[in-house]
Amino acid sequence: MARIGICEDDAGLRSVLVRALADEGFDVRAVPGGRLAVQEFSAAPPDLLVLDIGLPDADGRDVCQALRAHGVDAPVIFLTARGDLTDRLAGFHAGGDDYLTKPFALAELIVRIRALLRRGSLEPERPGPGGLQLDPAAHAVRTSERLETLTPTEYRLLATLAARPGEVLRRRELVSAAWPMGAIVHDNTLDAYIVRLRRKLRDLGAEAEIATLRGVGYCLR
């Protein structure tokens, strides 16, 4: 079981992250500030750290550098409300490995966590349903022979379905996973994205398909 450390000062978001990652089977520890993060995670390093940049007592990038100085080499995913190129580069220079701009979809964070853990051989590669391979860096889906580029929303939808193959996911759950918190998404908008995903999976020649349970939701099988 991979150990995930979270440093996020927003209590509501921190609670959501802890619950979502625990539901995915991770061992999660969370702290609300930078000083506690350095104390906790330098003493007992996690396998991966989700670190907010805008902390009340420190800049998250300084926290990352302090942890690196203590010998913590776990991958770091920065969370921030600032998403311009200068800020992203500053995060990478501080020792970060990935970067998510708020608001973000939980499904995307989980996919990025798994990708970083696989890179460190902490979590074994698991083939997706029908031989699909998701590429979070490229926002793409692959089979053994072809690659299809997806929009970020298409990618988050497919990643959510692929994480629970054979299970019917309700429409509101898919909307919550693929669109930022508070977004107003009509039923026909979700349906249109599913139609596009089906077409792209057919173009790939993938064995996997998205099935509909009328009035309930969708399932990847």
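Keep in mind that this is a model prediction, so the values were computed, not measured.
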So, are [X] and [Y] salt-bridged, with charged N and O less than 4.0 Å apart?
{"X": "E8", "Y": "K102", "result": "yes"}
{"X": "R171", "Y": "D187", "result": "yes"}
{"X": "R112", "Y": "D98", "result": "yes"}
{"X": "R114", "Y": "E24", "result": "yes"}

Residue list, side-chain hydrogen bond (donor to acceptor under 3.5 Å, both in side chains) with R198, at least two apart or on another chain: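 Testing R198 for side-chain hydrogen bond (donor to acceptor under 3.5 Å, both in side chains), a comparison that skips the adjacent residues, returns T212.
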For a 4.5 angstrom cut-off between non-hydrogen side-chain atoms, does [X] reach [Y]?
{"X": "R221", "Y": "P165", "answer": "no"}
{"X": "V168", "Y": "C219", "answer": "yes"}
{"X": "L21", "Y": "D27", "answer": "no"}
{"X": "P75", "Y": "L49", "answer": "no"}
{"X": "L48", "Y": "F26", "answer": "no"}
{"X": "L213", "Y": "Y218", "answer": "no"}
{"X": "V111", "Y": "Y155", "answer": "yes"}
{"X": "L201", "Y": "L132", "answer": "yes"}

Could you state the interatomic distance from [atom1] ([X]) to [atom2] ([Y]), rounded to the nearest 0.5 Å?
{"X": "L161", "Y": "L220", "atom1": "CG", "atom2": "CG", "value": "6.0 Å"}
{"X": "L190", "Y": "R172", "atom1": "CG", "atom2": "CZ", "value": "13.0 Å"}
{"X": "L106", "Y": "L13", "atom1": "CG", "atom2": "CG", "value": "8.0 Å"}

My understanding is that a hydrophobic cluster links ILVMFWY residues whose side chain heavy atoms are under 4.5 Å apart, including indirect links. Using that, what else belongs to the cluster containing V195?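 V195 shares its hydrophobic cluster with no other residue.
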Does the pair L79 and T101 meet the rule for a side-chain contact (heavy atoms from CB on, under 4.5 Å), with working shown? CA-CA 6 Å; L79 304 179; T101 303; over 6 Å; no
Residues which pass side chain to side chain contact (heavy atoms under 4.5 Å, CB included) with T151, listed by chain and number, not counting sequence neighbours: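 By the side chain to side chain contact (heavy atoms under 4.5 Å, CB included) rule, T151 matches T153, E154, Y193, R196.
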Residues forming a side chain to side chain contact (heavy atoms under 4.5 Å, CB included) with E173, sequence neighbours excluded: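 R164, L169.
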Nearest heavy atoms of [X] and [Y], plus distance in Å:
{"X": "P46", "Y": "I4", "answer": "CB-C, 4.2 Å"}
{"X": "I210", "Y": "L197", "answer": "CD1-CB, 3.8 Å"}
{"X": "V28", "Y": "A22", "answer": "CG2-N, 3.8 Å"}
{"X": "I53", "Y": "Y99", "answer": "CD1-OH, 3.8 Å"}
{"X": "L67", "Y": "S42", "answer": "CD2-N, 3.8 Å"}
{"X": "D57", "Y": "G34", "answer": "OD1-N, 2.9 Å"}

Any chance you could lay out the side-chain contact (heavy atoms from CB on, under 4.5 Å) test for E148 and D203, step after step, and finish with the verdict? CA-CA 8 Å; E148 186 76 28; D203 291 345; 4.2 Å; yes
Main chain of R156, side chain of T160: is a donor-acceptor contact present, judged purely on distance under 3.5 Å?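 Side chain of T160 to backbone of R156, a donor-acceptor pair under 3.5 Å: yes, one is there.
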Can you tell me if D47 uses its side chain to pair, donor with acceptor, with the backbone of R3 under 3.5 Å?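 Between the backbone of R3 and the side chain of D47 there is a qualifying donor-acceptor contact (under 3.5 Å).
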Dump the intermediate steps for side-chain contact (heavy atoms from CB on, under 4.5 Å) on V50 and L100, then the final yes or no. CA-CA 10 Å; V50 178; L100 268 180; over 6 Å; no
Hydrophobic cluster membership, L174 vs V216, 4.5 Å side-chain cutoff: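 Shared cluster, no.
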Residues forming a salt bridge (Lys or Arg N to Asp or Glu O under 4.0 Å) with D9, sequence neighbours excluded: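 Expected list: none.
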Going through the distances and angles, do I77 and L51 end up as a side-chain contact (heavy atoms from CB on, under 4.5 Å)? CA-CA 6 Å; I77 298 177; L51 179 57; over 6 Å; no
If you look only at pairs with a residue in residues 41-76, which of them pass as a ring pair (Phe, Tyr, Trp, His ring centres under 6.0 Å), with sequence neighbours excluded?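 Listed once each, the pairs would be none.
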